[in-house]
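Naming: A, B, ... by sequence-line order, numbering from 1 per chain. We use all heavy atoms of the structure for the numbers below, so side chains are in, but hydrogens, waters and symmetry mates are not.
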Amino acid sequence: MLEIKNLHARIAEDGTEILNGIDLVVKPGEVHAIMGPNGSGKSTLSYVLSGKDDYEVTEGDILFNGESILELGPDERAAAGFFLAFQYPIEIPGVATMTFLKAAINAQRKARGESEITTPDFMRLVKETSAKLNISSDMLKRPLNVGFSGGEKKRNEIMQMALLQPKLCILDETDSGLDIDALKVVSEGVNALRSPDRAFIVITHYQRLLDHIVPDVVHVLSKGRIVKTGGPELALELEKNGYADFVDVAA
Amino acid sequence: MPAVQETIATVSAIDVDKYKYGFTTEIESERAPKGLDESTVRYISAKKGEPEWLLEWRLDAYRRWLTMTEPTWARVDYPQIDFQDLYYYSAPKKTAGPSSLDEVDPELLATYAKLGIPLREQEILAGVENGQRQVAVDAVFDSVSVVTTFRAELAKHGVIFCSFSEAVREYPELVKQYLGSVVPTSDNFYATLNSAVFSDGSFVYIPKGVRCPMELSTYFRINEKNTGQFERTLIIADEGSYVSYLEGCTAPTRDENQLHAAVVELVALKDAEIKYSTVQNWYPGDKNGKGGIYNFVTKRGDCRGDSAKISWTQVETGSAITWKYPSCILRGDNSVGEFYSIAISNGRQQVDSGTKMIHLGKNTRSRIISKGISAGHSNNTYRGLVSANRKATNARNFTQCDSLLIGENCGAHTVPYIESRNSSAVFEHEATTSKISDDQMFYCTSRGLSEEDAVALIVNGFVKDVLQHLPMEFMVETQKLIGISLEGSVG
Ligand SMILES: Nc1ncnc2c1ncn2[C@@H]1O[C@H](COP(=O)(O)OP(=O)(O)OP(=O)(O)O)[C@@H](O)[C@H]1O
Ligand SMILES: [Mg+2]
């Protein structure tokens with residue numbers, strides 16, 4: 001599904017290299033966890049995958065279902081099935097969450113040549129989805145992410161993901177800021193979306209998320225490269241010993 | 001290129017062909033000779049068959065105007081206007097005041113059809129059956145009103161809605177009593193000029209206790225080259241009455257600047273309410289600032305009786321230069337003034353707009369919500385005055401001015417003046433300036449929205465508080481218009 005080949009990327013503005021040759025293959029149905037120290041480039045990888053133009057790809061390629069997506073804008077990648085749950089979701093003042101959701105769903109449908117969702121269908125869909133994530137109808141009326149608590153923002157990201165039904169879900173530290181109950185609710189939300197034709201890249205610092213969302217593969221990112229790949233046991237090992245061993249490998 | 005930068009580049013790249021109303025109508029017209037002197041004033045007055053007192057009133061204004069100079073305090077910049085290089089009167093030849101639609105030149109009907117303005121009552125009535133609301137329209141083309149719809153229906157309720165010229169003929173007493181009573185001939189350079197040469201416009205009178213049964217609207221179209229449009233609107237809401245009025249404007253795409261200097265006077269007597277909405281979409285000029293309308297307009301409402309209410313709602317997307325301050329004189333005790341404004345500037349547009357709330361009576365209240373959006377190389381200034389007279393005990397004002405900047409090359413400015421001569425008056429002022437950030441753009445586009453849709457969504461969110469004050473049937477239109485203006489019509 002996703003094939004990242006020797007990906008190098010730098011900050012467009014000042015040319016600082018952040019990603020230094022990442023190789024990663026994600027097959028449909030798989031869950032890949034990416035761990036790594038602060039500043040190692042995890043969020044940058046998620047942005048580059050989603051097409052944020054603060055970054056320039058200087059080498060390598062990103063293939064989605066065999067085709068390079070480097071030339072596609074973020075909206076086109078979204079329509080193709082990319083979704084990024086942001087580490088720090090952005091506030092959009094004045095735009096009700098509901099309005100935003102509908103605009104996003106319809107934009108993607110339009111890009112795929114489908115007709116707009118009807119209002120009753122949309123209402124039903126949002127009601128069902130938000131209920132599962134303990135999101136109140138009051139919150140749906142509020143401007144998107146404005147004044148939402150950290151945990152509310154994260155749940156809102158997962159709700160958007162559930163509504164948009166993407167093919168490739170990238171979750172950037174969705175667990176941070178969640179209380180114990182919310183972590184469970186969110187994990188259940190994610191697990192409910194797991195399917196043979198959908199893949200996940202889960203960025204996290206903690207094993208506790210991976211207790212709920214069990215990954216197939218775990219990668220360690222350091223200084224913009226993947227320095228170690230293993231099974232779920234790798235995360236447990238990191239939890240115990242920290243990154244010291246791997247960061248040294250990279251150095 | 002960061003997302004927002006790119007949007008702006010896209011916006012400025014698209015030329016004005018996005019301005020949908022830029023076509024011209026080929027129609028034979030009758031014009032006053034170029035230039036302005038006493039004979040021009042006499043020509044206009046004679047064309048309209050006006051009584052002596054009105055001619056004198058005009059001439060008086062003209063003589064006063066000669067002694068005045070153009071105001072320069074606004075934050076707008078334009079070359080000197082040569083007032084002798086303009087035509088002050090232009091009327092489609094075959095339309096010397098038609099009494100029915102069948103007499104209107106088909107060219108004109110086609111023009112309005114193209115603009116989407118319904119002039120055939122049957123069609124509007126058909127629309128009503130499909131759930132749309134009725135709107136009576138006065139269509140003003142260059143210097144004359146070409147048709148006013150639904151007059152018979154309105155007459156049943158005693159409502160007078162007609163062209164200004166007609167009002168002078170049919171209701172001289174009302175005109176004489178109220179004309180210039182809110183905006184005196186000596187008010188300011190442009191208002192004085194207007195008083196001398198005003199051509200046509202709408203006249204509305206709502207009798208005591210009547211709630212006007214439909215939305216009234218005037219649609220202004222400037223067609224002729226090098227012709228100034230000086231229309232005059234007078235709305236009188238007698239005691240306990242209510243009216244909602246909408247004004248729309250467009251003009252062809254032309255390389256020359258065109259002058260528009262209108263005067264609007266509103267009078268609300270005791271317990272009356274006037275809701276005046278404007279969707280101003282004059283041609284803004286091209287992306288380099290060539291052409292476009294100079295919109296120098298004086299709009300003022302007088303809450304002449306106790307508990308009267310006047311509310312201005314304006315959506316300003318067009319014009320090269322906007323100089324406009326719809327104001328309220330809160331004379332009656334407990335009277336209320338409101339000003340809700342959305343001003344969008346893009347390309348090289350310059351907007352200097354705001355309001356004045358003059359609190360004279362006791363317990364008078366006013367509310368100002370202004371949303372300015374600047375993009376491209378435009379400049380957008382809010383200029384407002386809130387004042388309380390010595391007798392305005394317990395006057396209250398709340399002002400909120402929000403500016404949204406799109407890109408690095410535009411400017412937003414807020415110039416609030418407050419004058420309070422009564423210690424019990426409470427005036428509150430809040431102002432914010434924000435930007436559409438690249439992060440917001442990325443967040444929206446990563447959810448599948450195109451950049452243009454994302455800007456339109458964020459801007460519509462920004463102006464929501466004001467949009468909801470527009471008549472329902474114009475809200476959706478306006479939302480679309482906002483999208484289009486930022487797409488590049490004003491690029
Ligand atoms: N737009 C940018 N401008 C400047 N520096 C940047 C930018 N984006 C990323 N960086 C830098 O690149 C490095 C990688 O950042 P990134 O956010 O990808 O790390 P991370 O692995 O997600 O860290 P964390 O675990 O703290 O979330 C950091 O040193 C960061 O400061
Ligand atoms: Mg990060």
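Of the atoms belonging to A/Ile92, heavy atoms from both backbone and side chain fall under 4.5 Å from chain B. For A/Ala12, no part lies near chain B; criterion is any non-hydrogen pair under 4.5 Å. Looking at A/Ile105, there are no atoms closer than 4.5 Å to chain B (heavy atoms on both sides), in backbone or side chain. For chain B, the nearby part of A/Glu91 is the backbone; its heavy atoms alone come within less than 4.5 Å.
Contact annotation: the side chain of A/Tyr88 never approaches that of B/Tyr443 to less than 4.5 Å [non-hydrogen atoms, C-beta and beyond]. Looking only at side-chain heavy atoms (C-beta outward), B/Phe442 and A/Asp54 stay at 4.5 Å or farther from each other. With a 4.5 Å cut-off on side-chain heavy atoms, B/Phe462 and A/Val95 do not count as touching. Between B/Gln440 and A/Pro93, the closest side-chain pair of non-hydrogen atoms falls below 4.5 Å.
A distance of 6.5 Å separates NZ of A/Lys110 from OG of B/Ser450, quoted to the nearest 0.5 Å. Remark: A/Asp75 CG to B/Asp453 CG distance equals 9.0 Å, nearest 0.5 Å. One finds the CD1 atom of A/Ile90 at 6.5 Å from the OG atom of B/Ser437 (value rounded to the nearest 0.5 Å). The distance from atom CG of A/Leu101 to atom CZ of B/Arg447, rounded to the nearest 0.5 Å, is 10.0 Å.
Heavy-atom neighbours of B/Lys435 NZ from other residues, nucleotides or ligands within 6.0 Å: above the threshold of 12. In the displayed structure, B/Lys464 atom NZ is contacted under 6.0 Å by more than 12 heavy atoms of other residues, nucleotides or ligands. Around CD of A/Glu116, the count of heavy atoms belonging to other residues, nucleotides or ligands within 6.0 Å does not exceed 12. Within a 6.0 Å sphere centred on NZ of B/Lys356, other residues, nucleotides and ligands contribute 12 heavy atoms or fewer. Atom CD of A/Glu128 sits in a crowded spot, with more than 12 heavy atoms from other residues, nucleotides or ligands closer than 6.0 Å. Shown here is B/Arg365, whose CZ atom has no more than 12 heavy atoms of other residues, nucleotides or ligands within 6.0 Å.
Chosen from A/Phe82, A/Phe86, A/Tyr47, the residue pairing most often with chain B at heavy-atom distances under 4.5 Å is A/Phe86. Considering only heavy-atom pairs separated by less than 4.5 Å from chain B, the leading option among A/Ala107, A/Pro143, A/Gly51 is A/Ala107.
Residues A/Ala103 and B/Leu449 approach most closely at O-CD2, 3.5 Å, considering heavy atoms. Of all non-hydrogen atoms in A/Ala78 and B/Ser446, the two that sit nearest each other are CB-O, 3.3 Å.
Taking 4.0 Å as the cut-off between side-chain N and carboxylate O, B/Asp439 and A/Lys52 count as a salt-bridged pair.
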